[in-house]
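Just below is one structure, and these are the notes that go with it.
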Amino acid sequence: MAGRGVDMSALPKEVRDQLAELDLELSEGKCLGQGKEKELKKPPPPAYDAHAPGPSNASGSTHVNAHTQAPPPSSSSRYRDRRSRRPHRSGGTRDDRYRSDIHTETVQAALAKHKEEKMALPMPTKRRSTYVQSPVINCTPPGSSSVGADLEALDTPSLLQPPSLQSPDSWINHSVQGSSTSSSASSTLSHGEGKPQPQPSQPQARDFSQVDRPNNPPVVQGMSRGQSRSGMMETADGVPINSRVSTKIQQLLNTLKRPKRPPLSEFFMDDQEEIVEVPQPDPNTPRPEGRQIIPVKGEPLGVVSNWPPALQAALVRWGATQGKSPALTALDITGKPLYTLTYGKLWSRSVKLAYTLLNKLGPKNEQVLKPGDRVALVYPNSDPGMFLVAFYGCLLAEVIPVPIEVPLSHKDAGSSQVGFLLGSCSVSLALTSEICLKGLPKMPTGEILQFKGWPRLKWVVTDSKYLTKPGKDWQPHIPTANTDPAYIEYKASKEGTVMGVAVSKVAMLTHCQALTQACNYCEGETLVNVLDFKKDMGLWHGVLTSVMNRIHTISVPYAVMKACPLSWVQRVHIHKARVALVKCRDLHWAMMAHREQRDTSLASLHMLIVADGANPWSVSSCDAFLNVFQIHGLKPEVICPCATSPEAMTVAIRRPGVPGTPIPARAILSMGGLSHGVIRVNAEDKNSALTVQDVGHVMPGALMCIVKPEGPPQLCKTDEIGEIVVNSRAGGNMYYGLPGVTKNTFEVRTHNHSIPPYVLQHILHLGSLIFVVGKNEGLLMVSGRRHNADDLVATALAVEPVKTVYRGRIAVFSVTVFYDERIVIVAEQRPDASEEDSFQWMSRVLQAIDSIHQVGLYCLALVPANTLPKTHLGGIHIFETKQNFLDGNLHPCNILMCPHTCVTNLPKPRQKQPVGVGPASIMVGNLVAGKRIAQAAGRDLGMIEDQDLVRKVGPPQDLSHHTIVSTATCVQLHKRAEKIAAVLIEKGSINTGNNVVLLYPPGIDLIASFYGCLYAGCVPVTVRPPHPQNLAATLPTVRMIIDVSKAACILTTQNLMRTLRSKEAAATVNIKTWPTIIDTDDLPRRRPPMIYKPPTAEMIAYLDFSVSTTGMLTGVKISHAAVSALCRSIKLQCELYSSRQIAICLDPYCGLGFVLWCLASVYSGHQSILIPPLELESCLPLWLSTLSQYRIRDTFCSYSVMELCTKGIGTQTEILKARGLNLSCVRSCVVIAEERPRLALTMSFSKLFKDLGLSPRAVSTAFGSRVNLAICMQGTTGPDPSTVYVDMKSLRHDRVRLVERGAPQSLPLMESGKILPGVRVIIVNPETRGPLGDSHLGEIWINSPHSASGYYAIYGEESLQADHFNTKLSFGDPTTLWARTGYLGFVKRTELLDAAGDRHDALFVVGSLDETLELRGLRYHPIDIETSVSRAHRSIAESAVFTWTNLLVVVAELSGSEQDALDLVPLVTNVVLEEHHLIVGVVVIVDPGVIPINSRGEKQRMHLRDSFLADQLDPIYVAYNM
């Protein structure tokens, strides 16, 4: 600025501060470009204070991604007041260029309406360490990673305060003063602040010892099937009423009670297979009523005798006749003229370049380029001279220049799209300057980096010293302008694709002629150009039309703005320029730096062309600039807004007016009307008005009309919004190399005109003046209504963003979720913004946009400052931002999802019809309503041998740490059992039939104690021992089983006995009330007086206790008869003979794991190798290496064991193979579970270990339940398990519809193994209790000799659950007694044959009835939603879902960096909405290992729910979706 004769020190301090801040903004590249600036409208201010350093109400351009600067003050006192309120000024200050007083008042009025609603939105809960930002982050350079800083818990007082749950009044009224102190007093404590919580460990694998642990005491007995779980949920299961999480959920529910906008009658019924559709538009919406529009012609293009036949011919003429005449002046970084290129130099250098390109690039002067080839032009904005020479050199050589931006790094936003452009144009050569080439990123070898998606390029330097002067006989060929392409201009589409618009030689020339006529250019005048000279208006005026008219162009690069934002105004003054080419941003910056300067005059200006004047928000910038500079000679009639597009080039431009003529009128339009595509003058509701200025008339020689934007091109009516289409010789010809897209854009036919269109919405109004209301790129179509991204940005900026938004950088785009577009707003957050300020701002933006635009936002995200992807001129790259949002790479620091508000096209909730057994259920033989009854049976069990289990056969072995810890033959087992029986009778004073708890780690002692109890006539109860490191969580379960079973005695080891009596145990339970504890480590050699024999086989053999996945503790009674029948059934199915060895890697405390561990080998006589799953945590390959070492044919494991192997050693198969591990011996590997088979896990296990010889047919599943421990198990004979695909939508309606593999919404289900011998299965309607037909979904009922006898329940309430074990069908076979498993499934007759040669009936388990979620009248299985959630993002390790007061809560474990935590919230919400038609109420992000699982690998969802509601999870982030 010093170079302009301005003494910086003489300026007031306030102005110097403002300029310093502007300097910072420019140094960070915050130039807003690409023609998308947005203006906040405002009338010209009435008066202006001559002493003020800036305009009082100056309003200017904002980009969709604008950066805010310091506000120009209206007076010094106002400025001081502002500074006194905010002592630390930083880049987040709201700039007056965003200020449109009308719009700001509108927004404030809209927000005031919301005051009365008393709506309190629950603030998200954030762990203290997550995204606590400090001023250090201010200094993080753009693009560099700030992960480390984000993750440190920096001591910033304003952020360490817990979020406050205040009423909306406090933040709507701005009455929170000193929020960092006052809020802490009123808020409830955040996680971990009230009482110290132990940090949960994060083990690599899940801790098997923490299984079956309820954080709250589980319900002791099972619930009846008729009982709904919702009653229990609403009582919070003992969760404290004042829990913070429950309070927030209540707030959320209160918020969601507000009615949605569309009434229910508009909802669509999704009872069958229809796709959900968007509600039909309201019949009351405004419709166009005018007559059909008539195409408008521009004035004829005049024929001037001295116009050249081609643009190159003009250069030849001026080069020869006016060689000394200046063509271009370039400015240096300080704004001083750096060099002036004359027309003579331009001509000579262009000829040298043309000659070099055609003759000197290949070896031995071989021709590398031929006329018509495409060449990339890569020049920085600061070097217009080199670009001008390169462009005209290409034209003279008849090669086609493709100007592109200079690539800055391998990770440039949109880099691969530029590569697509170069590829589609077949570019293999790039021209650049020597300085630019040195600055390009290089590889270590010194070669230019291969940019992402780019073709291989040869780089050619075009500096004069490298060019060859042609001989005197060589002249470039200059044909008359024809339809061959002259140059290609790049254009980014809404979808992010970069395409090349090819402009022919004749179109280029005609466009220059039309601009010359419209702008009244004269030969030899001066033009100041601030725009990018590589494309659009900067290229057309500053490079092409200027040469045709011998105009002297002064190019002002963006970098010059660092030194002096007034530089372009001063250039106009110094050179007496007649034309200036600017954007609203440049008008604004000039006003920002303006001070009364007597030596500045704009009186010479004949045209001030505003390149983005078509933006509806530009009107206030033009008014404010005129208001400031009118005293400097600026005339109102010289401001000329224009409308342009790469396809049609200049569409319309306001002609320079005659002095004294009034400025054309503005249109004040209703935004509501615009959203419906009609023009309505806004008279009443000032809250939703848009003021637009005209962009002049149609170009000379052009024909223009307006067509409907959707469907085939039909002419609009006079009061209808449509797309402008232009017919002119001066326009683009095609998208180069893309004939398909070209046809739809450049060959639009309406009224027999072939018209290249201009991609804009428009209004044609007021005597053929053209008004533009937005671009197609910013169009958001939501529920059939059109919204403009620029309008939404303006509204968001009018909600005082000073405390929150960094430099006004806001991006608006839409994403398609659940059959409609959803609006997303992303803004950069100031580094010093507090959580409360940010959340308050987001809440207010929601309300403002809802009031003014009548549209709901789907997501509002705040990201750290300087992290959004940037365009080359510093604006936000919208497409890359959208892609990052969809890919989960946005890394927001605050997020607010509002799916409940804006998703209004969900299907109507299903109303369940009353059920009853009607005439349709008539049963004829084995048919129900025309279908075969869904029943199946295993083969005959035959005679059951003696009921006495204790027989002297084969040895089990206990393996641990890959060494045999203990071995016992059945003789040794028998002797040890006798000793235990003797001790029991002696020390425990036990009566026959007493219950005895066995508390042992997995091993031989457990088995011996079990048989010792049977010898003594006691009933054993096996219980998992408490985990010594986690007694608080695991000991209460042990205590509860002991109390519920009324155990008379506890058998255990010395170590565990010490644990039970320790001080740590006393802190958790009452250790003084333990029953008699007997340790069995050192037993005397005694034998019991007699071995007890049960008088009847119906006597109870043992009790099987287990905590179900729904959090209920259930104990079932297993009789001696059931034990023998079960063992015989397994022996027959798996062919377990005494010569066999089997390996068991299961927990031995309940279910089938206990049966295989303790009973099966004793019954069948085979040898069992027992591997405790806990040992796999310290030695992952233990199980597989045991199979290989002992050549095991049959093995049993759990899903958790299989998952450990898959995740832990699945990638190490080569190493294991080298060690000699071979699994080809394994014939059957059966997964023991009480759930739907996990097909994905079993398949990945089979594939991963196929290289070790594992047969893909070996892996299969078993199925059992509480009422019957073993229903299905894949045996050695019979067909392989079959897989079917069912439609998930039908499953929700309790129907089965089989579909093909790969069908949308298909779910693969695998058969759960073959039905065991002696077992009969029937599928029953759980409500009518009538049998169902084949392939119908119903409850699985069992008839089997090895079913449990009943629940072991206290208080004598067996009657509550009696029907689970002995129930009858309501019709059909009323005599057989069945046991209800509580699982939904279906039977399907397959084409496969079983061992007897009959067609095989396969049983498919779908899921547990207790676990299903009833939402919107439909039945959902948690595993299906969890599968979708786990697929949503690479960082989701595991997930679990549950409901609370009809809200769906999703808990996701984050395996990646905490930086990814908030990325998961929109992705989880999206995927559940898309695939399951459900809105997620709460998303909880937690550490790995937080979701509790039991020993079978099943998720304990109810424990998780209770922990969440009791505020015990220490989540990373909790998002409450609005």
Side-chain angles (χ1 to χ4, degrees), residues 26-35 141-143 328 330-333 338 353 374-391 393-394 401-423 425 427-443 446-463 466 487-492 498 500 529-536 538-539 542-543 555-562 646 869-877 879-880:
L26 287 163
S27 67
E28 290 179 353
K30 303 299 180 305
C31 306
L32 312 174
Q34 316 274 344
L328 175 88
L331 304 184
D332 66 11
I333 201 74
L338 182 64
L353 177 58
R374 275 73 54 207
V375 174
L377 266 53
V378 185
Y379 293 92
N381 284 323
S382 57
D383 201 352
M386 293 292 287
F387 176 82
L388 199 62
V389 169
F391 191 89
C394 289
V402 185
I404 58 170
E405 304 295 344
V406 178
L408 302 175
S409 74
H410 182 58
K411 294 183 178 175
D412 276 3
S415 170
S416 53
Q417 282 83 11
V418 175
F420 171 78
L421 164 75
L422 298 176
C425 295
V427 172
S428 58
L429 195 78
L431 306 186
T432 189
S433 65
E434 188 173 25
I435 295 172
C436 183
L437 188 74
K438 286 178 180 172
L440 290 176
K442 311 275 195 309
M443 290 191 286
E447 292 178 38
I448 302 293
L449 189 70
Q450 180 63 30
F451 298 105
K452 183 180 169 188
W454 285 35
R456 285 216 162 272
L457 294 179
K458 179 181 177 183
W459 294 84
V460 175
V461 176
T462 61
D463 293 56
Y466 299 108
Y487 70 93
I488 293 173
E489 182 174 324
Y490 78 84
K491 177 236 174 166
V498 176
N529 176 25
V530 193
L531 304 183
D532 181 4
F533 50 74
K534 293 192 286 295
K535 55 180 294 202
D536 208 74
L539 175 68
V543 173
S555 188
V556 183
Y558 292 115
V560 171
M561 295 292 202
K562 288 182 183 179
K870 294 176 182 172
T871 62
H872 281 81
L873 301 177
I876 299 174
H877 198 294
F879 176 74
E880 289 282 322

Atom pair [atom1] ([X]) and [atom2] ([Y]), whose distance is rounded to the nearest 0.5 Å:
| X | Y | atom1 | atom2 | result |
| --- | --- | --- | --- | --- |
| Trp454 | Leu421 | CH2 | CG | 9.5 Å |
| Ser433 | Tyr379 | OG | OH | 6.5 Å |
| Phe387 | Asn381 | CZ | CG | 10.0 Å |
| His872 | Lys534 | NE2 | NZ | 8.5 Å |
| Ser428 | Lys458 | OG | NZ | 9.0 Å |
| Phe451 | Ser409 | CZ | OG | 8.0 Å |

Set of side chain to side chain contact (heavy atoms under 4.5 Å, CB included) partners for Glu489, sequence neighbours left out: Tyr487, Lys535, Asp536, Leu539, Trp540, Pro646

For Leu437, all residues meeting side chain to side chain contact (heavy atoms under 4.5 Å, CB included), sequence neighbours excluded: Thr432, Leu440, Ile448, Trp459, Val461

Full working for side chain to side chain contact (heavy atoms under 4.5 Å, CB included) between Cys436 and Val406: CA-CA 8 Å; Cys436 183; Val406 178; 3.8 Å; yes

Flag side-chain contact, heavy atom, 4.5 Å: [X] against [Y]:
| X | Y | answer |
| --- | --- | --- |
| Phe391 | Leu377 | yes |
| Ser382 | Leu338 | no |
| Glu405 | Asp532 | yes |
| Pro407 | Val378 | yes |

Test log, rule side chain to side chain contact (heavy atoms under 4.5 Å, CB included), inputs Ile404 and Leu422: CA-CA 9 Å; Ile404 58 170; Leu422 298 176; 4.3 Å; yes

For a quick test of reading the model, state the closest non-hydrogen atom pair linking [X] to [Y] and the distance between them.
| X | Y | answer |
| --- | --- | --- |
| Glu880 | Pro869 | CB-CG, 3.6 Å |
| Leu431 | Ala390 | CD1-CB, 4.5 Å |
| Ala430 | Leu457 | CB-CD1, 4.1 Å |

Sidechain-backbone polar pair: Glu434 side chain, Lys438 backbone, donor-acceptor under 3.5 Å: no

Asn529 side chain vs Gly542 backbone, donor-acceptor pair below 3.5 Å: no

Crowding at CG, Leu449 (>12 non-hydrogen neighbours, <6.0 Å): yes

